[in-house]
Student: 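One structure, pasted below without further comment.
Treat the numbers as computed from the prediction; the structure is a model and nothing was measured. As a basis for the values below, the full set of heavy atoms in this structure was taken, side chains included, without hydrogen atoms, waters or symmetry mates.
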4 protein chains.
Amino acid sequence: MTFNDKQIKILETAERLFAEHGFDGTSVRHISKDAEINIAMISYYFGSKEKLLESLLLYRISGFGLELENIIKGDLSYIEKVDAFVDMLVKRIHKNRRIHKIVNFEYSNQFRQINFEGYEQNKKENFNTIANFVKNGQEAGEFNPNINVQMIIPTILGTYFHFYYNKQFYTSLLNINSNSDVDQYVEHQLIPHIKQIIKALLTYEK
Amino acid sequence: MTFNDKQIKILETAERLFAEHGFDGTSVRHISKDAEINIAMISYYFGSKEKLLESLLLYRISGFGLELENIIKGDLSYIEKVDAFVDMLVKRIHKNRRIHKIVNFEYSNQFRQINFEGYEQNKKENFNTIANFVKNGQEAGEFNPNINVQMIIPTILGTYFHFYYNKQFYTSLLNINSNSDVDQYVEHQLIPHIKQIIKALLTYEK
Amino acid sequence: MTFNDKQIKILETAERLFAEHGFDGTSVRHISKDAEINIAMISYYFGSKEKLLESLLLYRISGFGLELENIIKGDLSYIEKVDAFVDMLVKRIHKNRRIHKIVNFEYSNQFRQINFEGYEQNKKENFNTIANFVKNGQEAGEFNPNINVQMIIPTILGTYFHFYYNKQFYTSLLNINSNSDVDQYVEHQLIPHIKQIIKALLTYEK
Amino acid sequence: MTFNDKQIKILETAERLFAEHGFDGTSVRHISKDAEINIAMISYYFGSKEKLLESLLLYRISGFGLELENIIKGDLSYIEKVDAFVDMLVKRIHKNRRIHKIVNFEYSNQFRQINFEGYEQNKKENFNTIANFVKNGQEAGEFNPNINVQMIIPTILGTYFHFYYNKQFYTSLLNINSNSDVDQYVEHQLIPHIKQIIKALLTYEK
DNA sequence: TATGAATGAGGTTTCATTCAT
DNA sequence: AATGAATGAAACCTCATTCAT
C-alpha cells in the first residue's frame with residue numbers, strides 16, 4: 001500500500017481542503033487544481049472522492065501505531081507515565097489535527113459510505129491499552145479507584161479539539177495571532193492543563 | 001424576530017438535516033421536501049441557505065440566555081455551585097446538541113460566509129461569568145489558584161462533544177443501544193465524570 | 001399520466017434520437033439541444049435518462065390498445081380477418097417503428113435498468129388474442145391444425161423489422177430512393193408478402 | 001489478415017460484450033479488463049473502437065463463405081433443397097447470432113463510421129444465389145410464380161432474430177429455462193416453423 | 001511489443017436560486 | 001403569499017485515445 005509522488009500530492013492537498021472546507025465543501029476539481037494534477041487522475045488513482053478519503057485515512061492513520069506501549073512499558077513512575085502519555089497523545093493529535101478533524105466530522109455522518117474500520121480498530125486498541133494501564137495503577141494503589149476509565153480519552157481529545165474547532169474564538173480571547181503562537185499555547189498552556197486535569201482525576205480522592 | 005409556523009417547520013427540519021448530513025450535505029430541496037414546503041419559499045423567507053442557518057442560530061441561541069447567573073448568585077457553596085453549573089451546562093448542550101454540532105462544524109470553516117456574532121457574543125459572556133466566579137473562589141481560598149481558567153469550558157464541552165461525535169464508537173464500546181440509554185449514560189456517567197474532573201481541577205493542590 | 005407541451009417535445013426528440021443513434025449513443029445534452037430545452041429540465045421532468053425512456057414507452061405504447069379485438073369480432077371471414085389483421089398490425093408497427101426499434105434493441109440488453117412491464121403485458125395480451133383466434137379457426141376447420149401459433153407474430157414482426165433494420169441494404173437492392181417510396185414498398189409489397197406467407201401457413205396442408 | 005492470440009482474445013471478448021451491452025454501452029476499458037489485456041493494446045492493435053468492430057466483422061464474416069452453393073448444386077429435389085437451405089442458414093445464424101446482432105444494430109445507425117462493405121457484399125451474393133434458385137424452380141414449375149423473392153431472406157432471418165431479440169419474453173411465454181432448452185427449441189420448433197412457411201409460400205397456389 | 005500514466009472532452013445529474021403567474 | 005417551472009453553473013465520473021518509457 002504505497003503511494004507515488006503524485007498520489008501523495010493529491011492526498012495532502014485533499015487533506016488540507018477537506019479540513020478547511022469539509023468533505024462536501026471540497027470538490028474534486030478544487031483538489032485537482034490545487035494539486036496541479038489533471039482532474040481525471042483522481043478517479044484514475046483513487047476511484048472516487050469517498051475512496052480518496054479512505055486512502056487518506058490509510059495514509060495518515062497507518063503510521064499511527066502507538067508509542068503508547070513504549071511509554072507504559074518504560075521505567076517511569078505511574079504519574080510520570082501519565083504526563084508522558086498526555087504529552088505524546090496531544091502532540092500527535094495536534095500534528096495530525098487535520099485528518100482527525102475530517103474523521104471527527106465525517107464519522108458522525110451516518111449517511112456517508114466510508115469505511116472507518118481501520119480507524120475504529122485503532123481507537124479500540126488504544127482504549128484497551130489505556131484501560132489496562134489505569135487498572136494496574138489502581139491495583140498498585142497509585143490511582144483513584146472511582147473513575148470512569150472510558151471517559152479519559154474523550155476528556156483529553158475533546159478538550160484539545162474543542163479548542164481547535166473554536167480556534168478563531170480562542171485566538172481572539174487569548175490574544176493569539178500567529179500559527180506558531182497557537183503551537184506555543186498548545187505546548188505550554190493546553191497540554192499542561194490537560195495533564196493537570198487527568199492527574200487530578202486519577203489521584204484526587206474526593 | 002418572530003417566525004411563523006411554516007418558518008419554524010423549515011428551521012427545525014433544517015436543524016435536523018444539517019446535523020445529520022452537514023451543511024453542504026443538505027440540499028435546499030431536501031429541506032423543502034422533508035418540511036413539506038415549496039422549495040421557493042425557503043429563498044423567499046430566508047434569502048439564502050446561509051441566511052437560513054443564521055436564522056436557525058438566532059432561533060436556537062436566542063433562548064440560550066443563561067441560568068448561569070442564577071446559580072452563581074444563589075446560596076450554594078462554591079463546590080455545590082460547580083456541580084450545579086456543570087449539570088445545567090451539559091444538560092443544556094445535550095438538549096441543543098444538534099445546533100451546537102452545526103455551529104462547531106461550520107464555525108471552523110473560515111470560507112463560510114455566516115454571521116456568528118451572536119454565537120461569539122454569547123460565548124464571551126459565559127466566559128467572563130465563569131472567570132469571575134473562579135476568581136472569587138480562588139480569593140476565598142476555596143479554589144486552587146494554579147489553573148487555566150480559559151480551558152475549563154473547553155474541557156467540559158469538549159468532553160461532551162467528543163463523546164457525542166463518536167457516539168457510534170462509544171455506543172458499541174459501552175453496549176449502549178437505544179437513544180434513551182444514551183440519555184441515561186450522559187446523565188449518570190458522563191455528567192458525574194465531568195463534575196469530578198472539574199472539581200478535582202479546582203480543588204486539588206498538586 | 002399526461003404530458004405538457006415541453007415534455008412532449010422532449011419525448012418526441014428523444015424518440016427520434018434514440019432510434020437514430022441508440023440509447024447509449026444519444027446524450028441528454030443532444031436531446032436538450034435538439035428539443036431546444038434547458039438540459040436540466042430533462043432531469044426535472046423525467047428524473048433520469050432511463051426514466052425518460054420509460055415515459056416514452058408509456059407515451060407511445062399506451063395508445064396501443066388493440067384494434068385487434070374489433071377485427072376479430074367483426075363479420076369478415078377467417079381469411080379476410082387474417083388479411084385485415086396483418087394489414088393493421090404492420091401499419092401500426094410501421095407508424096411506430098422508431099419506438100419499437102428502441103424497445104427491440106434495449107429489451108435484449110439485460111444490464112439496462114428499465115421497466116418493460118407495460119410492454120410485456122401488452123405483448124402477452126396480443127399473443128393470447130391471436131392464439132384464441134387461430135384456435136377457433138382450427139376448430140372451424142378453416143385453419144391448418146399443424147402450426148406453431150406462438151411463432152406467427154415473430155414471423156410478421158420479424159420480417160418487417162429485418163427489412164427496416166436493413167433498410168439501407170434493401171433500398172439499394174430494390175432501387176428505392178425516397179422515404180415515401182419506402183412507405184409505398186411496405187404497403188404494396190411487404191404487407192402483401194406477409195399476408196401471403198401467413199395465409200399460406202394457416203391454410204396450406206402439407 | 002491473420003490475428004494473433006491476443007488479438008483473437010480481444011475480438012472474442014468484444015463480440016460478447018458488444019452483443020450484451022451494445023457498441024456504445026461497451027467501453028474499451030471493459031473489453032481490456034475482461035480480455036485481461038492492457039488497454040493501450042486495443043488502440044495499438046486495431047486503431048480505434050470502430051476499427052475493432054470492423055476487424056471483428058472480418059474475423060467472423062470471413063469464415064462465412066457459403067455452403068449454399070453445395071446445397072443448390074446437390075442432387076436433392078427442389079423442396080428438399082429448401083429444407084436443407086433453411087436448416088443450414090438458421091443454424092449458421094444461430095451459431096453466429098452475436099456478431100449478427102451487433103451488425104443488425106449498428107448497420108442501421110447511419111451516423112456510425114463503420115465499413116460494412118464486406119457484410120453487404122456477402123449479403124448480396126446470397127441474395128443472388130437464392131433468387132436464381134427460386135427462378136429455376138419457378139421455371140421448372142415447382143415453385144409458385146407469384147412471390148416476392150427478395151423478401152424470403154427477411155422472412156427467415158427476421159423470424160429468427162425477432163425470436164432471439166425477445167428471448168426474455170419467449171422463454172417466459174414458452175417455459176424455456178436453460179440455454180440448451182433454447183437450442184432445442186430453435187432446432188425442433190423454430191426451424192421447422194420457418195421451413196413450413198417458406199415451403200408454403202413457395203408451393204402454395206392461392 | 002507492451003505498459004501504466006496521463007489527457008481533455010464529454011457524460012448524467014443536482015445544485016441554489018429566480019422567474020412568471 | 002405561494003407555486004411549479006426554469007435556469008446556468010457546477011458537481012462527480014468515465015470516455016477513447018495518446019504519451020513516455
Side-chain angles (χ1 to χ4, degrees), chain A residues 4-7 10 21 23-33 36-53, chain B residues 4-7 10 14 23-33 36-53, chain C residues 4-7 10 21 23-33 36-53, chain D residues 4-7 10 14 23-33 36-53:
Chain A
N4 64 36
D5 287 357
K6 291 209 174 188
Q7 287 172 313
I10 292 170
H21 300 83
F23 184 78
D24 284 318
T26 303
S27 71
V28 172
R29 193 166 289 153
H30 194 171
I31 297 170
S32 80
K33 196 167 286 178
E36 293 175 313
I37 276 171
N38 185 287
I39 189 172
M41 294 311 292
I42 292 181
S43 288
Y44 178 72
Y45 279 136
F46 300 101
S48 70
K49 198 175 147 186
E50 275 77 15
K51 285 184 186 161
L52 167 58
L53 178 50
Chain B
N4 64 36
D5 286 357
K6 290 204 175 184
Q7 287 172 314
I10 293 169
F23 183 78
D24 284 317
T26 303
S27 72
V28 172
R29 197 167 273 115
H30 194 172
I31 297 170
S32 81
K33 191 169 287 177
E36 292 175 314
I37 276 170
N38 184 281
I39 185 171
M41 293 311 293
I42 292 181
S43 289
Y44 179 74
Y45 278 139
F46 300 99
S48 72
K49 196 176 155 188
E50 277 77 15
K51 286 183 185 161
L52 166 59
L53 177 51
Chain C
N4 64 36
D5 287 356
K6 292 208 173 187
Q7 287 171 316
I10 293 170
H21 300 83
F23 183 78
D24 284 317
T26 303
S27 71
V28 172
R29 192 166 290 156
H30 194 170
I31 297 170
S32 80
K33 197 167 285 177
E36 293 174 315
I37 276 172
N38 184 287
I39 188 171
M41 293 310 293
I42 293 181
S43 288
Y44 178 72
Y45 278 136
F46 301 101
S48 69
K49 198 175 148 185
E50 274 78 14
K51 285 185 184 160
L52 167 59
L53 177 51
Chain D
N4 63 36
D5 286 357
K6 290 203 175 186
Q7 286 172 314
I10 293 170
F23 183 77
D24 284 317
T26 303
S27 70
V28 172
R29 196 166 275 115
H30 195 171
I31 298 170
S32 81
K33 192 169 287 179
E36 293 175 315
I37 277 169
N38 185 282
I39 186 173
M41 293 311 292
I42 293 180
S43 289
Y44 179 73
Y45 278 140
F46 300 100
S48 71
K49 196 177 155 187
E50 277 76 15
K51 286 184 184 160
L52 166 60
L53 177 52

Student: Val28(D) has a side chain; which of dA16(F), dC12(F), dT18(F) sits nearest to it?
Tutor: dA16(F)
Student: Whole Å only: how far is the CZ atom of Phe46(B) from the P atom of dA16(E)?
Tutor: 15 Å
Student: Here's one to test your reading of the geometry: is the NZ or CZ of Lys49(C) within 45 degrees of the ring axis of Phe23(C) and under 6.0 Å from its centre?
Tutor: yes
Student: To check you understand the geometry: which heavy-atom pair defines the closest contact between Gly25(C) and Asp24(D), and what is its length?
Tutor: CA-OD2, 3.2 Å
Student: Just to confirm, is there a sub-4.0 Å distance from OP1 or OP2 of dT1(E) to any side-chain nitrogen or oxygen of Tyr44(D)?
Tutor: yes
Student: I need the CD1-P distance between Ile31(B) and dT17(E), as an integer number of Å.
Tutor: 10 Å
Student: Using whole Å, what does the distance between atom P of nucleotide dC12(F) and atom CG of Asn38(A) come to?
Tutor: 15 Å
Student: Can you list the stems that include DNA chain E, where a stem is three or more consecutive Watson-Crick or G-U pairs with distances under 3.5 Å?
Tutor: E:2-21 with F:2-21
Student: So if I take every side-chain heavy atom of Glu50(B) and compare against dA2(F), dT17(E), dC13(F), which nucleotide ends up nearest?
Tutor: dT17(E)
Student: Closest approach of Asn38(D) and Ser32(D), non-hydrogen atoms and distance?
Tutor: C-CB, 4.2 Å
Student: Between His30(B) and Lys6(D), which is nearer to the 5' end of DNA chain E once each is assigned its nearest nucleotide?
Tutor: Lys6(D)
Student: Mind checking if Thr26(D) touches a base, just sugar-phosphate, or nothing, with heavy atoms under 4.0 Å?
Tutor: sugar-phosphate
Student: Is it the case that atom CG in Asp5(A) sees more than 12 heavy atoms from other parts of the structure closer than 6.0 Å?
Tutor: no
Student: Would you kindly give the CG-to-P distance between Asn4(C) and dG4(F), to the nearest whole Å?
Tutor: 14 Å
Student: Just how far is it from atom OH of Tyr45(D) to atom CD1 of Ile37(D), taken to the nearest 0.5 Å?
Tutor: 7.0 Å
Student: Could you pull out the closest heavy-atom pair between Ile42(B) and Ile10(B), with the gap in Å?
Tutor: CG1-CD1, 4.0 Å
Student: At under 4.0 Å between heavy atoms, what does Tyr45(C) touch on the DNA or RNA strands: base, sugar-phosphate, or nothing?
Tutor: sugar-phosphate
Student: Please tell me if Arg29(C) has a side-chain N or O lying less than 4.0 Å from either OP1 or OP2 of dG11(E).
Tutor: yes
Student: Does the side chain to side chain contact (heavy atoms under 4.5 Å, CB included) test come out yes or no for Ile39(C) and Ile31(C), once each step is laid out?
Tutor: CA-CA 8 Å; Ile39(C) 188 171; Ile31(C) 297 170; over 6 Å; no
Student: Rounded to the nearest angstrom, tell me the gap between atom CD1 in Ile37(C) and atom P in dG8(F).
Tutor: 13 Å
Student: Whole angstroms only, please: what is the CD-C1' distance between Glu36(C) and dA6(F)?
Tutor: 16 Å
Student: What integer distance in Å separates Ile42(B):CD1 from dC15(E):P?
Tutor: 12 Å
Student: Mapping Lys49(D) and Ile39(C) to their closest nucleotides on DNA chain F, which lands nearer the 5' end?
Tutor: Ile39(C)
Student: Please check if the side chain of Ser43(B) supplies one atom and the backbone of Ala40(B) the other of a donor-acceptor pair under 3.5 Å.
Tutor: no
Student: In whole Å, what is the span from the CD1 atom of Ile10(B) to the P atom of dA1(F)?
Tutor: 13 Å
Student: Relative to the 5' end of DNA chain F, which residue comes earlier, Phe23(A) or Ser27(D), by the nucleotide with the nearest heavy atom?
Tutor: Phe23(A)
Student: Consider the side chain of Met41(C), meaning its heavy atoms from C-beta on, and name the nucleotide among dC13(F), dA5(F), dT17(F) that approaches it most closely.
Tutor: dA5(F)
Student: Identify which nucleotide among dT14(E), dT3(F), dG8(E) has an atom closest to any side-chain atom of Ala40(A), counting heavy atoms from C-beta outward.
Tutor: dG8(E)
